[in-house]
Amino acid sequence: MPACATVKVIPAPPGADAAPTEEEDEPRDATFPQPEAEAAPPDAAKATCLDTTPIDATQFPYKSPRVIANACTESELAALSAFYKSKMDAGEDLRISEWSAEVSGSCAQCVFDDDSGASWGPIQTQNDRLHSVNRGGCVELKSGSTACGQAFGRVLTCRLEACLTKCTSQDGFTECLADNEAIYSGPCKGAKDAVVAACGSGLDTYETACSGGAWTFERPIRAQCITGS
């Protein structure tokens with residue numbers, strides 16, 4: 001099976017079989033670099049910095065996705081991905097003011113969101129930095145269920161919170177995020193159970209529709225700002 005910091009671009013939430021399948025969603029504060037494509041498996045001989053305290057995921061905010069079909073083109077999405085990759089490869093800070101300049105104003109307005117409105121764009125920003133990727137919004141669109149999208153978004157945020165609390169280095173944070181079994185049987189068990197209940201047997205399908213690609217923000221952007229569905 002299988003939302004939010006300036007962490008690397010993100011693992012997926014748990015599906016019906018208990019453990020998330022893929023990346024991390026995604027970013028939360030500026031403590032760590034943006035989420036990347038996929039975390040390496042943890043070293044079984046090492047204890048991770050996972051905070052095992054149970055987390056009440058219902059405390060995490062969620063807003064339904066803001067949809068503006070045809071605001072962006074596929075070439076603009078490719079430009080956003082290429083710019084992100086160039087910054088990650090160079091180990092440079094990612095500034096939203098620079099990133100958004102890679103596309104048209106209408107596309108940037110759809111993609112980047114400072115969380116001040118009634119709905120969420122694909123990428124939440126904070127202080128000119130990537131704050132979170134709204135994969136829950138993509139899942140809401142694909143499933144047609146606000147409850148499913150909300151639960152999906154919250155389980156991803158729970159995953160990040162469980163590692164951000166005690167991890168003090170990027171390596172430790174990445175290793176923590178890779179420990180799906182410990183996260184979803186421990187601090188985020190309630191959040192995992194909630195997403196399974198809300199999304200039902202379609203969870204794997206929705207998760208797949210909103211994951212994949214080089215970066216976890218790509219399919220949410222496509223759903224909210226290109227196809228509108």
Side-chain angles (χ1 to χ4, degrees), residues 1-4 9-13 15 20-27 34-38 61-86 88 94 96 99-125 130-157 195 198-229:
M1 307 189 17
C4 297
V9 171
I10 309 172
T21 54
E22 177 204 331
E23 339 113 79
E24 157 205 0
D25 168 0
E26 262 105 88
Q34 278 78 329
E36 297 192 327
E38 192 169 323
Y62 177 79
K63 295 179 183 179
S64 288
R66 179 182 66 217
V67 178
I68 309 176
N70 302 312
C72 300
T73 64
E74 287 290 343
S75 62
E76 286 180 306
L77 176 55
L80 290 171
S81 296
F83 184 84
Y84 184 90
K85 182 178 186 301
S86 70
M88 295 302 100
L94 180 74
I96 299 301
W99 198 12
S100 61
E102 294 292 302
V103 297
S104 65
S106 58
C107 179
Q109 185 175 22
C110 180
V111 171
F112 301 103
D113 176 26
D114 65 3
D115 194 21
S116 60
S119 56
W120 278 348
I123 293 178
Q124 274 79 62
T125 68
L130 171 60
H131 180 65
S132 66
V133 175
N134 183 22
R135 289 179 63 208
C138 179
V139 167
E140 178 175 333
L141 289 176
K142 299 302 180 182
S143 67
S145 167
T146 298
C148 178
Q150 180 182 69
F152 191 97
R154 283 175 169 172
V155 78
L156 291 178
T157 303
V195 77
C199 298
S201 61
L203 178 58
D204 287 346
T205 300
Y206 311 142
E207 204 279 326
T208 298
C210 294
S211 304
W215 309 106
T216 54
F217 56 77
E218 291 181 339
R219 291 193 178 177
I221 289 175
R222 182 174 289 113
Q224 291 184 242
C225 302
I226 298 180
T227 65
S229 63

Interatomic spacing from [atom1] in [X] to [atom2] in [Y] - rounded to 0.5 Å:
| X | Y | atom1 | atom2 | result |
| --- | --- | --- | --- | --- |
| I226 | L77 | CD1 | CG | 5.0 Å |
| L80 | F217 | CG | CZ | 7.0 Å |
| L156 | S132 | CG | OG | 10.5 Å |
| I221 | F112 | CD1 | CZ | 6.5 Å |
| F152 | S143 | CZ | OG | 10.0 Å |
| E140 | C210 | CD | SG | 10.5 Å |

Under the side chain to side chain contact (heavy atoms under 4.5 Å, CB included) test, which residues partner T205, sequence neighbours left out?
none
I'd like to check the side-chain hydrogen bond (donor to acceptor under 3.5 Å, both in side chains) partners of T227; sequence neighbours left out, ordered by chain and number.
none
Are the side chain of [X] and the backbone N or O of [Y] linked by a donor-acceptor pair below 3.5 Å?
| X | Y | value |
| --- | --- | --- |
| E76 | S104 | yes |
| K142 | G137 | no |
| Q224 | R66 | yes |
| R154 | V195 | no |
| W120 | Y62 | no |

Pick one: which of V111, D113, N134 meets side-chain contact (heavy atoms from CB on, under 4.5 Å) with I123?
V111
From the options C138, C225, S211, select the one residue that forms a side-chain contact (heavy atoms from CB on, under 4.5 Å) with P220.
C138
Does some side-chain heavy atom of W215 sit less than 4.5 Å from a side-chain heavy atom of Y84?
yes
Less than 2.5 angstrom apart at the SG atoms, yes or no, for C148 and C199?
yes
Looking at C110 and C72, are the sulfur gammas closer than 2.5 Å to each other?
no
F83 and V103: side-chain contact (heavy atoms from CB on, under 4.5 Å), yes or no, with the steps?
CA-CA 11 Å; F83 184 84; V103 297; over 6 Å; no
Using the side chain to side chain donor-acceptor pair (under 3.5 Å) definition, which of the options Q124, H131, K63 pairs with D115?
K63
Within a radius of less than 6.0 Å around CD of Q109, do more than 12 heavy atoms belonging to other residues, nucleotides or ligands occur?
no
I'd like to know if R135 pairs up with E207 as an ion pair, taking the criterion as any Lys NZ or Arg NE/NH1/NH2 lying under 4.0 Å from an Asp or Glu carboxylate oxygen.
yes
